[in-house]
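The block underneath contains the structure these notes are about, expressed in structure tokens.
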Amino acid sequence: MSSYFTDLAQQYIDGEWRAGTGSWDIIDFDPYNDEKLASITIATVDEVDQAYRAAARAQKDWAATNPYTRRAVFEKALRLVEEREEEIAGAIVAELGGTRLKAAFELHLAKEFLRESVHLALAPEGRIIPSPVDGKENRVYRVPVGVVGVISPFNFPFLLSLKSVAPALALGNGVVLKPHQNTPVVGGSLIAKIFEDAGLPAGLLNVVITDIAEIGDAFIEHPVPKVISFTGSDQVGRHVATVCASLFKRAVLELGGNSALVVLDDADVDYAVDAAVFSRYVHQGQVCMAANRLLVDRAVADEFTEKFVAKVRTLKAGDPRDPETVIGPVINARQADALTGVVEQALSEGATALVRGGRSNNLVEPSVITGLPAGSALLRQEVFGPVAFLVPFDGEEEAVRLVNDTPYGLSGAVHTGDVERGVRFAKRIDTGMFHVNDGTVHDEPIVPFGGEKHSGVGRLNGDTMLDAFTTTKWISVQHGRSGFPF
């Protein structure tokens, strides 16, 4: 596996694999055992420029290519992912600290999104719109935006890079991808290698592995990209949005969340416990849709709490290579320190730890916290790790108020014995997505995905990819002769 990372520890610009020319290296570590996977010399501002210029040059011919021809590239890319599934899964385990279960989950979704990209190549349709002017024909064309800049996160880097890269390419654009520094291979060069081997023309997809300490805002300020697709924190997303707005670029922002899983008084408690444990602890809780808050009606709170705590105690934390492991390491020491701080802050505010997980390096065991004061900032912020907050409530009205009492609005779930009661509840929640009698963590290739409030701007998946990565162009044809007033 180490040679696998070494082979891909390069920049990919204009169809060439090459070293960056920056003055320092990004060291790629295994977060579980601190093994050095690769050393990558970072890309400079000049190399970001080269990548965007290459994408712009290649994009014109690509946009003019028959979409049936373009489609074949994505069919081949899907076959390659299927053929290389085991080695890609191994890379996810090594670079992210993802468990075997998480790697399989990410790969399943990645393949589904690649399948959808095959169809997206043929999705753009034009329209002819009536005109009040005699003899005039109004044609509206759906055309690529040109070049898209993609910035992907560390938690699901293979999926979340592909989720923007593949549709943008399928719709006729060029792409420059900047993966997260902690996942440069799985989120970056691995994807470039798959598309290179699938026959994507050189220059269309470029991967720059770098850091804002080296390039500043050059990636988003560059004049070539017309759209920046960013997935990450709301703090960075706010900055990306500000820069893009000042330069009249479109920003597609998939940001953080503070989702709640709500258990009403008529819920199937055992099923709700299973959904809550998965929703909070999948991939160590490093998921934007994860259930930070578990809101439980007092009528079933004691039963839910007892069963939830018992199940959490069974979750095995350890080496992500072990198929029995459910909780692997978080991505780095900074994240682990932050999570330790969250638990300590909660206890200092008077909360009780029903389960208080230990920590060994980046391995943070699950914690379950109850009794946080209603005004605690911890209940309103995103906690990116295996810490669950249990919050009792009295009746639906209080539950709705508590769920909405956060700057975020990404996902959520409600458990009830009455499906329509659940739907009525969901309609009152200020989120982009909400699920009845299920978990909070879901993504499907043709359903609009995105959040409200601080959780983002815009949607991805299905037809919304057309809104994200294409634009419309009106061309009118006057078949007669127009009359002019002078």
Side-chain angles (χ1 to χ4, degrees), residues 1-12 17 25-42 80-111 152-162 165 177-197 207 209-211 231 281-287 315-336 359-365 384-386:
M1 183 56 68
S2 58
S3 63
Y4 181 73
F5 279 91
T6 303
D7 292 344
L8 292 173
Q10 300 181 73
Q11 313 291 337
Y12 184 68
W17 294 96
D25 292 353
I26 287 173
I27 309 300
D28 194 11
F29 286 105
D30 180 321
Y32 177 70
N33 59 23
D34 287 333
E35 175 191 350
K36 178 181 174 181
L37 300 171
S39 177
I40 304 169
T41 303
I42 62 169
L80 291 174
V81 172
E82 291 171 335
E83 291 167 8
R84 300 171 186 179
E85 193 159 345
E86 188 54 40
E87 62 190 61
I88 297 171
I92 290 171
V93 171
E95 192 172 59
L96 284 65
T99 63
R100 303 295 303 189
L101 182 70
K102 189 267 184 188
F105 182 56
E106 182 166 3
L107 275 162
H108 167 73
L109 283 173
K111 289 184 291 183
S152 64
F154 67 76
N155 58 339
F156 279 75
F158 189 68
L159 170 66
L160 296 180
S161 292
L162 271 178
V165 168
L177 168 63
K178 188 187 95 61
H180 193 278
Q181 300 91 305
N182 286 121
T183 50
V185 171
V186 173
S189 50
L190 173 58
I191 289 166
K193 178 63 175 168
I194 288 167
F195 276 108
E196 180 184 52
D197 292 349
V207 174
I209 298 166
T210 187
D211 190 292
T231 306
Y281 296 110
V282 62
H283 192 40
Q284 298 74 270
Q286 298 176 118
V287 184
L315 302 181
K316 180 178 178 181
D319 188 342
R321 290 163 183 79
D322 181 347
E324 301 297 314
T325 296
V326 176
I327 306 291
V330 295
I331 193 67
N332 55 37
R334 185 169 63 84
Q335 290 287 116
R359 174 188 171 186
S360 175
N361 296 324
N362 296 333
L363 190 67
V364 180
E365 296 174 338
F384 219 58

### Summary
Between L363 and A317, the two heavy atoms sitting closest are CD2-C, 4.2 Å
### Message
Show, in sequence, the C-alpha distance, side-chain angles and deciding distance for D30 and R321, and conclude whether the side-chain contact (heavy atoms from CB on, under 4.5 Å) test is met.
### Response
CA-CA 12 Å; D30 180 321; R321 290 163 183 79; 2.4 Å; yes
### Task
List the steps and the verdict of side-chain contact (heavy atoms from CB on, under 4.5 Å) for E365 and I327.
CA-CA 7 Å; E365 296 174 338; I327 306 291; 5.9 Å; no
### Message
Taking the side chain as everything from C-beta on, heavy atoms only, tell me whether Y32 gets closer than 4.5 Å to V93.
### Response
no
### Task
Would you confirm whether E95, through its side chain, and V185, through its main-chain N or O, come within 3.5 Å as a donor-acceptor pair?
yes
#### Entry: Test item: side-chain donor near acceptor, D34 and N361, under 3.5 Å
no
### Query
Would you find a donor on one side and an acceptor on the other, under 3.5 Å apart, between the side chain of T325 and the backbone of D319?
yes
### Task
Flag the pair K193 and D7 as a salt bridge only when some basic side-chain nitrogen lies within less than 4.0 angstrom of an acidic carboxylate oxygen.
no
### Task
Output yes when K111 and E83 qualify as a salt bridge under the 4.0 Å nitrogen-oxygen rule, no when they do not.
no
### Query
N362 side chain to P31 main-chain N or O, any donor-acceptor pair under 3.5 Å?
yes
### Message
Any non-hydrogen side-chain atom of F384 less than 4.5 Å from a side-chain atom of N155?
### Response
yes
### Task
Give a yes or no on whether the backbone of L159 and the side-chain of E106 come within a donor-acceptor separation of less than 3.5 Å.
yes
#### Entry: Minimum-distance pair of heavy atoms, taken over all atoms of G318 and P329
O-CD, 4.4 Å
### Message
Is any side-chain heavy atom of F5 closer than 4.5 Å to one of I40?
### Response
no
### Query
Atom OG1 in T6, atom CG in L37: separation rounded to 0.5 Å?
8.5 Å
### From CD1 (I88) to CD1 (I191), nearest 0.5 Å
9.0 Å
### Summary
On a heavy-atom basis, the closest approach of G187 and S161 is O-OG, 2.7 Å
#### Entry: Distance in Å, I331 CD1 paired with H180 NE2, rounded so as to fall on 0.5 Å steps
7.5 Å
### Message
Could you check, using the six-membered ring where one of them is a Trp, whether F105 and H283 have ring centers closer than 6.0 angstrom?
### Response
no
### Task
Report yes if some heavy atom in the side chain of F158 is under 4.5 Å from a heavy atom in the side chain of I194; otherwise report no.
yes
### Query
If we only count heavy atoms from C-beta on, is the L96 to Q286 side-chain gap below 4.5 Å?
no
### Query
Are K102 and F156 in a cation-pi contact, defined as NZ or CZ under 6.0 Å from the six-membered ring centre and within 45° of the axis?
yes
### Message
Are Y12 and S189 packed together at the side-chain level, in the sense that at least one heavy-atom pair is separated by less than 4.5 angstrom?
### Response
no
### Query
Say you draw a straight line from CD of E35 to CZ of F29; how long is it, rounded to the nearest 0.5 Å?
10.5 Å
### Message
Consider side chain to side chain contact (heavy atoms under 4.5 Å, CB included). Of V326, T99, V364, which one does Q284 pass it with?
### Response
T99
### Task
Can you see which heavy atom on L177 is nearest to which on G188, and at what distance?
CD2-CA, 3.9 Å
#### Entry: Between CG on residue L8 and CD1 on residue I209, distance to nearest 0.5 Å
9.0 Å
### Message
Please check this pair: side chain of Q11 against backbone of T41, looking for a donor-acceptor N/O pair closer than 3.5 Å.
### Response
yes
### Query
Just wondering, do N332 and Q181 contact through their side chains at under 4.5 Å, heavy atoms?
no
#### Entry: L80 side, atom CG; D197 side, atom CG - distance, nearest 0.5 Å
6.0 Å
### Task
Check for a donor-acceptor pair, side chain of D25 on one end and backbone N or O of S39 on the other, with a separation under 3.5 Å.
no
